[in-house]
Structures are given as structure tokens and as C-alpha cells.
Amino acid sequence: MTPVFHKTRLIFWSVVAIFFVMLPFGFSGGFALSMLSQMGIAIIFALSYNMLLGQTGLLSFGHAVYFGLGAFMTAHVINWVGEDRIWWPITFMPLVGGLTGMLFGLVLGFVTTRRAGTPFAMISLGIAEMVAASALMFTTFFGGEGGIATDRTAGGTMFGISYGPQIQVFYLIAGWCLVGMIGMFAVTQTPLGRMANAVRDNPERAKFVGYNPTRVRWLMMTLAGFFAGMAGALATINYEIVTAETLGLVASGNVVLMAFIGGIGHFWGPIVGAVFVTWLQSALSTYTQAWLLYFGLLFLIIILFSPGGMANLVTLHKPAWHARLMKRLLPSYALAAATGALMLTGFVAVIELLYSHGGSGDMVSLFGLRVDAGSAVTWVAAVGLFVVGIVLFRWALKYVRRAWEEITPQLQSSGVV
Amino acid sequence: MSAATTNAAEKALVSLSLKDVHKSFGRTEIINGVSLDIADGERHAVIGPNGAGKSTLFNLVSGRFPVSSGRIELRGEDITNLEPHVINRKGLSRSFQITNIFPRMTVYENVRCAVLWSLGYKYSFWHRVGGLRDAAQRTEEIVELIGMQERRERLAGVLTYAEQRALEIGVTIATGADVILLDEPTAGMSHSETDEAVELIRKVTAGKTLIMVEHDMGVVFNLADRISVLVYGEVIATGTPAQIRGNKAVQEAYLGTEQD
Amino acid sequence: MLSSGLTLIFSMMGVLNFAHASFYMLGAYFAYQTGAYIGFWPALFIAPILVGILGAVTERYGLRTVHKFGHVAELLFTFGLAYVIEEVVHLVWGRAPVDYRVPESLDFTLFTLFTTQYPAYRAFMMLISVGMLISLFLLLTRTRVGMVVQASLTHPDMVEALGHNVPRVFMMVFAGGCALAGLAGVLGGNMFITEPGMAFAVGSIVFVVVVFGGMGSLAGAFVASLIIGTLQTFSVALDFSMLGVLGAIGISVSEDSNWYGLWSITISQTAPVLPYLLMVLMLIVRPRGLMGTRES
């Protein structure tokens, strides 16, 4: 670990920062900006979740609790600022959320991290249900059904920034996202971060090198709570409202999906997952009613065929890339992509038709074409497309397999595998 | 010197002491009253037929299982039923019969994990582990000691069996403990691999107390200062290799027909 | 009954099935659909079988693939499955509750207790549940099939070496558990509402029951379901609050105080939280549950 290594990191993060700054210039427009803001929040949240799952081996079904509690606390503090009861710049509100998340991570974590594995997952689910149920009970803090509304411009204007316009909120989120990423990455490079990995891989052995796995898990939970709460605060600022849903089970489930689809085995996996899933959720839902179904199916497919997530799919090709053998794979990939697209089109057509069947009219918009959902021809065409697509795709997969078989001996001999 | 101070002086020289230790799983008694004193700096082998309870004994001493009754003392301090990590911090470290390392970390990182606590870094999340000079130095020393310099960036999960065993030993001693328990360190090794392993063990445990469970008699008679024979959860004999070889009861129960 | 199915699967395969409640829901929907064509009584038999088949397919193509990736992956798979099943139900039957009703032959009041009427249908449900449990117990402990199943749990390799098709056994067990869930759905679907959200509503409680009673113990699940069920019924009915208690000992809290919200919470309001609280406490204090045999 030479000093040069450190400088490379500095350059890397600067590039990321510049990228963030430039983003709105490439994606202007209200919809794009608000989606980017959502992505920023999701990235922090998903990364904080991966501190538990990918790094410490803790499968939590209740991480949104820390997100939500951070969000609620921040909402209250912002309102206090608005009522002139307290002074704290909006810019630093994420710290409020972070501290709240950290506190609850500390308290709840003490109780939950005594066990790992499945018991931990169950306890986290139980706690999530408990907190979600309490949210409707303690109406002063949680605002009951309507939640707590807040005004992000309550802090007035400072240096020309009032946080009224979305662009300002975006930069706030981007800034804290960078801070979060750097912070969470830094943790992975510390003794605690390393031992968290050790505890994940082999808690027994970790004990026999002097570490108490429970203590390690507890600390990671506390830190993860901090970053989750920070993300929650940014959500409050972005949406100006927090409800019981913010800390509910759907939100908890969502972050599991995000982290997992992106890939829990790599630090940057959840970033990819957060971006991808957020995009799916906003963009796809405008095109089709069935987006939740596609979402769930995607998740299942990833679990079944690539449990390392999208990140794993990428790193799988690293040796081939290094050995310059990628071009050998490309033809078969192209074939698979084409047939896969066919299959997918057929599949989507069938699903969309099914969805419209429950609806009223017979004319339905499919891929921008008007098709008659009542006619048998349409149905046959869709199903036919799907079936043909499946057959062709499986045939194409054979070529993919063959291509890999061809290059594997070369990969092995060149020493990368 | 009075009797009390002689006793005290003697006690100070005992690294590990088991006093009438019993262990039952349900109704089956595995360890049936074992008492053993192991001197500081001694190399002590525990041998016995399969199922005699040797691994269980290790598990009791290192805190993996609680005892049913009895006392275990480390340098005079009671460590009975303490948590494994607590015992480890007091200076006792063990290896496992079935290789028990961190498969997704490199050789270097495996060893480094083991040195972190003893260097005082504990649960720090504010030190950059890559920049810790003392950890790096110590890790390098150990990696060199076990002869894995060339393989230090390999993931532990893809090492060969013998390499993994060497790493296992490396991780065990990297904690800086001065009482080392090795559970069948040469299990499954060929002759040449065993010889290398014996040399390694001799090197790394110089000046420390070593307790070893072994089946390979060659290794035992080569390395051990004293031997205890464990049969059906009881120590039927303790003594120097020569004494054990000559012991009738041992010959009947265990050595039977002279093998190696 | 739901709990016993879940326990069965868990104790046999070490898999905690999130989608279990989804199979329950499918049972209800299948019963509704088939019942519309052929009536309730045949549906009572057909629907669970359909669900069981679905369960078998899931095991064969889904769980088996995921099994080699570890417990976490299995959990996540069933989690995703629950998600997808709910969406498919949306797709096929729409989002609104579906008109699945108690058959007329059973739609009368059996007796009244305190002020609550006890419908005959409930008695019917109870009868079937107990009947199922007893036959399940007998099947597992007395028959050869049951012994093979039990042996496969702890020594799958040995059982396989003896010539039994262990993967098939697992598939059967899983299918059986799902069929049980389906049966519960058939029975429960018309008593309670049949709608896409039902899996979620019921699923959480089932988890609580299973964990509380002890993962791996049928008796524990039974006891726990009684306890939790009673707790829920009574806690909803009770209208005390801490306020009342405090008042009884002479302390009164003014309405303006911030803490009023906390103290005025009645037990009936905390009712939803109580089962989860119990589960969390149990997991912390005694992860095996009341009578459990496996921790994870």
C-alpha cells in the first residue's frame, strides 16, 4: 500500500465529483432532475444497507427503519427551524438524520445483533413491523396517516441558496452522496471493515483471532444506521413529506432488491443497483402497469442465475478483458442478445395483453402500436413471438457456452484465472 | 525458599492447567475427568485413538464448548467457560483440524486480521488498515515465516491443501499468543509435506508453549517433549516419549502393533 | 394450520418460506375460481392439490437451484417469489377483493359466547385444522413415508444411499407444506376477505407464530397460534390505557402535555404491535422458540 495508491483514490473521487456536477447539464428537465435526486438518495441508502449484507453478512429486512426515523427526526427539526425554535442550516440537516439513524442503530442493534443469519433476519423483520405499527400509534412524532409535512426552504436564503428549486436540492443530495460514498468506502478500509468481512466469512475463526463477532456486527449496524438516516434526511428535504411508508416494509424490501440486483459482493454493486432500480421504478411505471411484475421477475432471475448481481456479471468478464479475448465472446453474445430481445418482446407482449384484458376497451397500446386486445390474432402473435423467442434464445445460449469453453483454456494458461 | 514460594515458582512455570475436567453431551460422557499440567515452553502432544475426545478437549480449553465440570487455568488464571475471543486475548490461540480460514480474503489479509487485535487496533473504524506500518511489518514477518510470500495475494479459498494448512498455522500464531494449540496440523499430508510442516511448527513455536493433537507418530516423537495418551476421555499416561513407548497400558490400548 | 405447513417446511428443509402466505392466497383464489364452476366442496379438495403442484414446481426449478447459494439466497428467493405471486394475482384477478363466500350449507351461528357469535363455519375450520394436524402427525411418525421424510432431514446422504430419491422427498415435503397453506386459504379466504393483499396481512402473523412457537416444532406452532390468537382477540377488545391505570392510582395527565399521546394509548391500539413484540423478545431471549428444535 504505497502512497501513490492514495493519490489514485484522490483523483478517482475528484472525477466522481466532477461527474456529479456535470450531470444536470446532460440531463436537464424537471423529470430527469428529480429522478437523479431520487437516485442519489437511493445510492446512499443501498450502500448503507450493503454495509450490513455484503460486508458483514447480516440480512436485514428492516433497514428502512433507520432511514425513516432519520427522515422523521429531520422533518421535525426543519419545522423547528421554521418556527424559529432552533437554528441549524438545512445544508447540514443530513447530519441530524444521520445521528438519529446512528442512535437507533446503536440501541436496536444492541438487541438484534446478538444473533446472526436467519434469526437476525427474522428479528429485523419483527422490529420493522413493530416500528411500522407504532408509527400509527405515536401520532405526535409520526403524524398518523398523513405523516409529517415540512418546508425545505424554512432555513431562509443563505448565499443565494434557499433549496426551493430542484436543482439546488440535487446538488445538496449529490454532495452528501459523495460524502456518503467516500465515508462508507473508507470504513471498508479500516480494521473494523476488514473484521466485518472476516465475521461474514467465518465468525468462528474471527473469535479465535480475538474478535467478538457480536461487537463487530453491532458497530457495523450503528454505522449503517448513520448513513441510512442521512439518506432519510435527504429524502425529507427532497419530498418535503415523511409518512409511515418511509420506514415501512415495502421500503425495506426495496433496498434489499436494489442492493442485491446491483451485486452485494462489490462495494460499487449497490450503486449500480440503486441507479438501475430507481430508473426502473420511475421510467418503467409510466410505460406499463406490469412494472412491479417485471421487477419481481428480474429479481428472481438474478437470484437464480447470477446471485452476485449485475456487478458479478461485469467482473466475470475481467479475466477475458485482460487477456483480450472479449472479441471471441462478442459474436455469441450478439446472437444471444438478439434472440433474447425477441423472447423478451414476446414475453412483454403477452403480459401487457393479459393486463389489458382485465381493463375495459379492446384497443391497447403496445410498444406504441395500437393493437386489438380482443382479437385472437393478436394473442396468437404475441404468444407465438414469445415461444419462438425462447427456442431461439436457448439455441443462442449454446453458442455462448461454446465460446466460453473455447477461451477458458487460454484464460487459464495466461494465468489470470 | 519456603514451600509457599517454591509452589508459587512452580505454578508460574505452568502455562496451561486442566483440573478434573468433565464434559458430557446429553448423556454421553466424552471427557471423563482429565487433569493435566503443561509447563511453560513445553511441547506437549496429545495422542489417542479416534473418538477419544482429543478435539473436544481442545474445544473446551479454547472456549468453544462449555465444560460440564472442572477448571481450566491459563498461567494460573481461571479461563473455564470464557468466550473464545476473551481467551484468545489472554494469549491462547488454536488451529483447526478442518481448515478454518477466511476463504474470500487473500493470504496476506488472513494473517493481517489475526495481528490486528494484538496490536491494539480493536474495533477502530478510523485507521486506514493499509497504512498501518506495524501491522504490515508483522504480517510480512508471519507470511515469510510460513513461506507464503509468493502466494500472498492469492485468495485463501483457492490454495492447495498443504498451503491452507500452512496458512492455518500462520493465522494461529499471528495473534501473538504464547500458548498454541494445534489440532492435527499434518492431517492429510504426504511424507514430504509432513516434514516441511514439522520444520515450520518447530520454527514458529520456538519459545512458546505448544499443545498438539496428532495421529502421526513420527511427528509426535519428533517434536514432543512430553506426551499424554487420551483413551475414552481419560488420560491413561503422561510422560516423555521414551516413557510412553515403554508403557504397557498405552501399548495395549493404542500403539498396539508398532506402526511408524 | 398455516403455521404447521410453514413449520413443516422449515424443519424439514431448513428453508424459511416467505412465499408461504402467498400459497395461502393462491389457495383462496383457486378455490374461488374452481368453486364458481363446480361448487365449494370439490374445490375444497382440488384447490390445495393445485397449490401443492405449484409448490412442487417451485421447489424443483426454483429452490433447488438456489439452495447451493446458501440460506440467504434461499430466503431472498422466497421473498422475490412472494412479490411475484402477488403481482400475478393482480394480473389475473385484479386488485379488488373477490367475492368468495362461505357456502350456504355452513353459514349459520353455532352458539354465542360473551357477546360474540360463534359461526358454524369457524367450527368447521377448526375441525378441519385439527383433523389435518392429527393426520399429519400420524403420517410423519407412524408410516414408512413419514420415517423416510424424517430420516432425510438429518441424514440425506445416507437415505439417498439406501435408495430413496431424496430430492423427490424434499419436493414432496415442500409441496405438502404448500398444499396445507392452500387448504388454509380455501378455508380462510371466504371467512376473511380474499384480495391480493391478504398474503401480506396473514404472512406476518404466521411468521410470528412459527418463530414464537419454535422453528421446527409442530406442537409449538399449535400452542403459539393459540396464544397469539387469543392475545390478538382480547387485546383488541380491551380498552384500557395507561391513562386509566394512572388515573386509578390518582395521577392525572393533562391533555396539553406532550406525553399525553403516549399514555393515552389503549391496549387495543397496541394490539397490532404486540405479536411482533413477543416475537422479537422470544428471538432475543430464546431463539429456539417455545418448543423449537432448530435455531437457524
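Chain letters run A, B, ... following the sequence lines, proteins first, then strands; residues in each count from 1. Since we're looking at a predicted model, the values are computed, not measured.
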Drop me the distance from [X]'s [atom1] to [Y]'s [atom2], to the nearest 0.5 angstrom.
X: A:Asn202; Y: B:Arg104; atom1: CG; atom2: CZ; value: 12.0 Å
X: A:Thr188; Y: B:Phe125; atom1: OG1; atom2: CZ; value: 14.0 Å
X: A:Met195; Y: B:Phe102; atom1: CE; atom2: CZ; value: 5.0 Å
X: A:Arg194; Y: B:Glu109; atom1: CZ; atom2: CD; value: 4.5 Å
X: B:Phe96; Y: A:Phe208; atom1: CZ; atom2: CZ; value: 4.5 Å
X: A:Arg215; Y: B:His85; atom1: CZ; atom2: NE2; value: 8.0 Å

Within the distance-only criterion (no hydrogens, no angle test), does the side chain of A:Arg205 pair as donor or acceptor with the backbone N or O of B:Ile101 below 3.5 angstrom?
no

Is a side-chain donor or acceptor of A:Asp201 paired with a backbone partner of B:Pro103 at a separation under 3.5 angstrom?
no

Does atom [atom1] of [X] have more than 12 heavy-atom neighbours, drawn from other residues, nucleotides or ligands, at distances under 6.0 Å?
X: A:Phe92; atom1: CZ; answer: no
X: A:Lys318; atom1: NZ; answer: no
X: A:Phe299; atom1: CZ; answer: yes
X: A:Phe110; atom1: CZ; answer: no

Between [options], the one whose heavy-atom pairs under 4.5 Å with chain A are most numerous:
options: B:Gly176, B:Pro84, B:Ser118, B:Ala174; answer: B:Pro84
options: B:Thr175, B:Asn88, B:Val158; answer: B:Asn88
options: B:Glu83, B:Lys90, B:Arg64; answer: B:Arg64

Check whether [X] gets within reach of chain A through its side chain, its backbone, both or neither, counting any heavy atom under 4.5 Å.
X: B:Ser62; result: both
X: B:Lys122; result: backbone
X: B:Ser93; result: side chain

Under a 4.5 Å heavy-atom cutoff, which of A:Ala206, A:Gly210, A:Ala186 has the most pairs with chain B?
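Ranked by contacts with chain B, first place is A:Gly210.
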
Among A:Asn197, A:Asn212, A:Val216, who wins on heavy-atom pairs under 4.5 Å with chain B?
A:Asn212

For a 4.5 angstrom cut-off between non-hydrogen side-chain atoms, does A:Thr190 reach B:Arg128?
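Not touching, per the 4.5 Å side-chain cut-off.
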
Do you know which two heavy atoms are closest between B:Leu132 and A:Pro191, and how far apart they sit?
CD1-CG, 4.3 Å

Which heavy atom of A:Val209 sits nearest a heavy atom of B:Trp117, and at what distance?
O-CB, 3.9 Å

Intermediate values then yes/no, side-chain contact (heavy atoms from CB on, under 4.5 Å), A:Leu192 and B:Tyr121:
CA-CA 9 Å; A:Leu192 179 66; B:Tyr121 289 109; over 6 Å; no

